[in-house]
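To start, the structure itself, in structure tokens.
Atoms within each ligand, like the ligands themselves, are counted from 1 in listed order.
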Amino acid sequence: MPFHIPFPSQLLAFEAAPATSFSFLVSYSSSNSNRGSRADWCGRLAMAVVNFVKAHIGQSPKLQGRTPRRGSGVVRSSLQGAVVGNRAEWLTSCAVLSSKVAALAPHSTNSHLALAVAASNGAVLDLIPLETVDGSARHLPAPLRIADLSPAPMHGSELRVAYQGVPGAYSEKASGKAYPGSDAIPCDQFEVAFQAVENWIADRAVLPVENSLGGSIHRNYDLLLRHRLHIVGEVQLPVHHCLLVLPGVRKEDITRVISHPQALAQCEHTLTRMPGLNAAREAFDDTAGAAEHVAANSLRDTAAIASSRAAELYGMEVLADGIQDDSGNVTRFVMLAREPIVPRMDRPFKTSIVFAHDKEGTSVLFKVLSAFAFRDISLTKIESRPHRPIRLADDADSGTAPKQFEYMFYVDFQASLADPRVQNALAEVQEFTSFLRVLGSYPMDMTPMAAGVASLDSSSAYSSS
Ligand SMILES: O=C(O)C(=O)C[C@]1(C(=O)O)C=C[C@@H](O)C=C1
């Protein structure tokens, strides 16, 4: 029976990793996302990728990766030694594959991107358009235009913003607040959102870093260090949680509440005190994904914590509204881009840095904090993370990468990198530390939180990045 790809899989981004493991990103979108079961749909996407690679490289890859969701998004998968024995052979296969697909490629933005990426970073990566949206006409690739070499557009519908989760997630809302009118691209993991920007599948990423009740989202701090992206802005989003169930389900029927771990933490006291509810908690990738899971599998014994928008999108009922433990529940997101923005002095700016030191004791930390205190620079956050022996992206060949340190310290302060006080403070900090990196200097989110969620849709406070 002929195999049909039920949706346009628009790009494949291949990336050679060391040894025999190769990873790639697949972006997909389906207008038929509600047809067939979720398992069906995932299976068809996986088959489409396997068949495609098999047809063009000649061997079957073993797909490893997260289960894609219905609709659209970006997933990361990998081939474990199945295709070729070494990196050079893999790159050759990728080049052959690219040239075959480029010859079939539609005249689309994606083919421009493929060339732009190849031109800009040495062609380790290829973005490969697979099919036109309607699966019909194919054209030769268009020539590279000057616009393809400049940074991605700043505003409007062309800006593609990666977020973690599925439609209805708070991160999707934060992306809309950060970049009104942009195309939000759902990603199944934080790591994928970083890679989507690095690989030019998205122009920006908007990712949560801390919540006023649940604290820091540590994974993103670690990823900020591992990747080369720059913080170009921040958005603070009031988070208003609902307890969602299938229509007709009562509190007494619920044995399980599922959601993102942050959302579970933000509602813990309320859930514990809720009369008639006696349910176990279970972590899920994101809040809206939890709602989708309950709806797609008709789970009448399970409730999800998510937004009221998720309830609308997945046909759920709001059993309880505003279940966060504090009405002022706010999550702070950072906006990430491939290039930093030019720091300015004409509006309130924040700067985020990360540093490490290899001396014993607390004196270095004291000296670093003093460098800011003596110059009247207010710190808004300090976070320490155990240092794992990872290779830091931008220090691969600079010789400044730390070897073994106990902690990385992340500090946010309220001043612009353009401010001479900051430049002097950082020069001083550099003397005490063995590793220092500026993660970004960016406009502060000045939206009054009291304005609440309802006002966010019309927000246009973020115009500089
Ligand atoms: O799951 C979602 O909806 C998300 O956008 C993620 C996330 C988070 O990671 O903190 C974002 C905001 C809320 O704090 C709860 C969850």
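Legend: salt bridge (charged side-chain N to carboxylate O under 4.0 Å, His left out) pairs involving residues 308-323, not counting sequence neighbours, sorted by first then second residue: Glu172-Arg309.
Closest heavy-atom contact between Gln266 and Thr331: NE2-OG1, 4.4 Å. Of all heavy-atom pairs spanning Pro343 and Phe349, the tightest one is CA-CE2, 3.7 Å.
For Arg300, the salt bridge (Lys or Arg N to Asp or Glu O under 4.0 Å) test picks out no residue, with sequence neighbours left out. With sequence neighbours excluded, the residues forming a salt bridge (Lys or Arg N to Asp or Glu O under 4.0 Å) with Arg250 are Asp253, listed by chain and number.
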Output block, N or O contacts of ligand 1, threshold 3.5 Å exclusive:
| residue | atom | partner | partner atom | Å |
| --- | --- | --- | --- | --- |
| ligand 1 | 1 (O) | Thr287 | N | 2.8 |
| ligand 1 | 1 (O) | Thr287 | OG1 | 3.4 |
| ligand 1 | 3 (O) | Tyr170 | N | 2.9 |
| ligand 1 | 3 (O) | Thr287 | OG1 | 2.5 |
| ligand 1 | 5 (O) | Tyr170 | N | 3.4 |
| ligand 1 | 5 (O) | Ser171 | N | 2.8 |
| ligand 1 | 5 (O) | Ser171 | OG | 2.5 |
| ligand 1 | 9 (O) | His260 | NE2 | 3.2 |
| ligand 1 | 14 (O) | Gln266 | NE2 | 3.0 |
| ligand 1 | 14 (O) | Thr331 | OG1 | 2.8 |

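Below 30°, between 30° and 60°, or above 60°: for His293 and Phe284 the angle between ring planes is between 30° and 60°, a tilted geometry.
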